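Worksheet: one structure, shown below.
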Amino acid sequence: MSAPSADVATAHESAAGESVIKLGYHQNLTNSDLAPLKEQKWTWYNIFAFWMSDVHSVGGYVFAGSLFALGIAAWQVLVALVVGIIAVNLLCNLVAKPSQLAGVPYPVTTRVAFGVKGANIPAIIRGCIAVVWYGIQTYLASVAFGLLALKFWPGLEPWGDVDQHGFLGLSVLGWAGFILMWVLQAFVFWNGMDTIRKFIDFCGPAVYVVMVALAAYLIVKAGWSNVSLDLSTGPGLSGWSSVTQMLSAFALVVSYFSGPMLNFGDFSRYGKSFAEVKKGNFWGLPVNFLFFSLLVVCTVSAGATVIGHDEDGNIITDPVHIVDQIDNTTAAVLGVLTFAIATIGINIVANFVSPAFDFSNVAPTKITWRTGGMIAAVGSVLITPWNLFNNPTAIHYTMDTLGAVIGPLFGILIIDFYLIRKQRIEVDDLFSMDPGKSYSYRNGWNPVAVISVIIASILPISFVIWGTAYQASFTWFMGAAAGAVVYWLGMKFAPTSFIYDSGEVPAVLPTAKDGKLEPSAL
């Protein structure tokens with residue numbers, strides 16, 4: 001009796017979606033969460049809702065408001081916003097295509113450049129960044145529950161004092177809010193990607209309804225004449241100083257989205273077509289983010305008139321604290337709950353799904369998508385994110401150093417797929433450890449990619465440590481450009497004996513034509 005063909009494929013259902021696994025796929029590279037999807041169903045609206053959930057968070061609100069307080073004219077901020085978000089849109093389209101074509105998540109796509117084993121480098125880096133941000137976002141949203149509890153039960157105030165009733169730097173009331181947020185997010189995640197899709201499909205527009213209502217309420221109370229798009233204090237910048245600040249605003253917009261932009265393939269893999277993904281990106285990024293930013297600045301500006309400033313005399317940009325100080329209890333409760341739900345949305349799509357795939361990629365036989373996500377969730381508690389967030393120096397060096405590596409990872413992936421591979425992916429080779437396959441390189445590692453990450457990360461990290469805050473805002477661009485150039489030079493001029501075990505470039509079958517994978521590749 002003859003042995004079964006390695007091309008025999010079987011369908012496998014998982015929390016991340018139904019996938020197809022061929023008999024020849026190596027078990028150390030494959031599980032039902034990482035394998036190519038059997039069917040890609042997401043429409044442009046699902047991608048649009050993904051970006052709405054990604055933007056509508058407490059952090060997004062504060063970030064958008066801070067851009068209008070940079071000391072430059074409102075029109076200059078708007079120009080920087082538009083240019084920056086269009087750049088993000090184009091970059092997301094670039095990173096989306098390989099995953100959408102192959103139907104695989106980001107860490108599997110990176111096997112093309114780093115090798116089937118070397119892909120764990122970008123996966124672990126991105127996973128660690130997501131764990132830190134997951135903890136911080138969970139903490140920020142949990143503050144909303146604490147404020148809500150105090151509004152109804154003022155007697156709980158002593159339990160909100162970390163000095164009287166605290167543990168590991170967080171009050172008992174803070175712990176209660178954090179655990180509640182942690183459990184709610186884990187519940188949504190555990191039910192799988194289809195539940196996550198339904199959650200963000202609903203939450204994206206629902207949050208907008210409340211945000212518009214909040215803005216309208218504050219604007220009516222303040223009067224339109226008291227609404228300004230300029231949130232800065234003191235004399236404004238002019239001349240070359242204003243131009244450099246515009247460049248900084250542009251860079252900050254791109255850097256803000258660098259995390260979800262890098263692993264956007266985790267979501268674009270579900271797209272019905274690349275055209276659907278591009279349409280969703282257009283509505284979810286330039287259109288959505290610009291409208292969101294204008295809504296934020298109007299709300300914050302009107303809020304400054306209605307509720308005043310904070311104890312230091314600064315305008316309040318945190319939406320949770322804005323709605324907490326509104327006299328109308330119903331409006332305040334609705335607002336607090338809305339921003340808590342919004343933060344659950346971004347945390348799941350940006351910081352839960354990503355490490356779930358990343359950690360699963362490290363050990364597919366032992367770590368499923370659900371297990372990978374829970375590893376991230378537990379890790380987010382162990383780092384005590386409230387202590388990290390409340391220490392500006394610690395969070396600056398931790399997050400900016402990790403973030404500085406995102407640029408090189410992005411540059412390498414894009415250069416490899418578009419210039420080296422000419423948009424071709426041998427899907428089956430993504431799951432093969434056999435020598436001579438497209439992505440086996442040297443025992444599963446591409447030395448050029450590994451060296452490129454190290455070299456390209458030195459420049460941005462040095463600016464994080466020794467540079468100014470202005471220079472540090474451009475670290476993503478430094479890293480992406482350096483990673484792209486070093487990798488391209490290495491793949492073009494390094495001896496093939498250095499890159500491949502066989503000493504020869506593997507022959508790649510024409511599996512892509514006109515941007516579409518042929519059936520034989522699936």
Side-chain angles (χ1 to χ4, degrees), residues 48-89 92 203-233 236-237 242 245-257 260 280-307 309 314-323 326 331 334-335 338-339 342-343 345-346:
F48 171 44
F50 160 82
W51 287 117
M52 278 197 287
S53 292
D54 191 76
V55 167
H56 300 170
S57 69
V58 174
Y61 214 95
V62 174
F63 171 73
S66 67
L67 292 176
F68 287 87
L70 290 175
I72 53 178
W75 71 265
Q76 292 175 305
V77 177
L78 289 173
V79 168
L81 270 176
V82 171
V83 176
I85 203 63
I86 288 176
V88 171
N89 184 30
C92 280
C203 286
V207 170
Y208 252 140
V209 171
V210 177
M211 283 178 58
V212 171
L214 173 64
Y217 172 81
L218 290 172
I219 290 172
V220 169
K221 292 273 288 183
W224 187 251
S225 60
N226 290 314
V227 176
S228 170
L229 295 183
D230 185 4
L231 302 180
S232 59
T233 57
L237 300 175
S242 66
Q245 198 68 290
M246 283 180 68
L247 292 174
S248 178
F250 161 77
L252 287 171
V253 171
V254 177
S255 298
Y256 178 77
F257 286 95
N281 283 346
F282 171 75
W283 285 100
L285 287 167
V287 176
N288 172 54
F289 186 66
L290 186 59
F291 178 71
F292 171 80
S293 299
L294 291 173
L295 194 61
V296 166
V297 71
C298 289
T299 305
V300 172
S301 180
T305 300
V306 176
I307 64 177
H309 295 59
N314 299 316
I315 291 177
I316 300 174
T317 56
D318 188 327
V320 174
H321 291 286
I322 290 175
V323 297
I326 293 178
L334 184 61
T338 297
F339 287 111
T343 303
I346 184 179

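Index from 1, following the sequence. This structure is a prediction, so every number in the text was calculated from the model and none was measured.
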Pairwise side-chain contact, [X] with [Y], heavy-atom cut-off 4.5 Å (strictly under):
X      : Y      : result
Ile85  : Leu290 : no
Ser293 : Val297 : no
Ser53  : Ile346 : no
Met211 : Phe292 : yes
Leu67  : Val253 : yes
His56  : Asn288 : yes

For the student: nearest non-hydrogen atoms of Cys298 and Ile219, plus distance: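 So the minimum-distance heavy-atom pair works out to CB-CD1, 4.1 Å.
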Quick check: closest heavy atoms across Asn89 and Pro286, and the distance to 0.1 Å?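 Taking Asn89 first and Pro286 second, the nearest heavy atoms are ND2-CG, 3.8 Å.
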Pair Tyr208-Phe291, ring-ring contact (aromatic ring centres under 6.0 Å, His included): steps then yes or no: CA-CA 10 Å; Tyr208 252 140; Phe291 178 71; 5.3 Å; yes
Stepwise side chain to side chain contact (heavy atoms under 4.5 Å, CB included) test for Leu218 and Thr305: CA-CA 9 Å; Leu218 290 172; Thr305 300; over 6 Å; no
Tell me which one of Trp51, Phe257, Phe282 satisfies side-chain contact (heavy atoms from CB on, under 4.5 Å) with Cys92.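 Checked Trp51, Phe257, Phe282 against Cys92; only one passes side-chain contact (heavy atoms from CB on, under 4.5 Å): Trp51.
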Quick check against the 3.5 Å criterion: does Asn226 have a side-chain atom that pairs as donor or acceptor with the backbone of Ala222?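 Yes, the answer is positive, given that a donor and an acceptor are paired below the 3.5 Å cut-off.
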N/O donor-acceptor pair under 3.5 Å between Ser66 side chain and Phe63 backbone: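 Yes: the side chain of Ser66 pairs with the backbone of Phe63.
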Could you go through Val207 and Met52, starting from their C-alpha distance and side-chain angles, then the distance that decides it, and tell me whether this counts as side chain to side chain contact (heavy atoms under 4.5 Å, CB included)? CA-CA 9 Å; Val207 170; Met52 278 197 287; over 6 Å; no
In sequence, state the C-alpha distance, the side-chain angles, and the governing distance for Leu285 and Phe289, and then conclude on side chain to side chain contact (heavy atoms under 4.5 Å, CB included). CA-CA 5 Å; Leu285 287 167; Phe289 186 66; 5.6 Å; no
Reported CD1-to-OG distance for the pair Ile72 and Ser242, which is rounded to 0.5 angstrom: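 Those atoms lie 7.0 Å apart.
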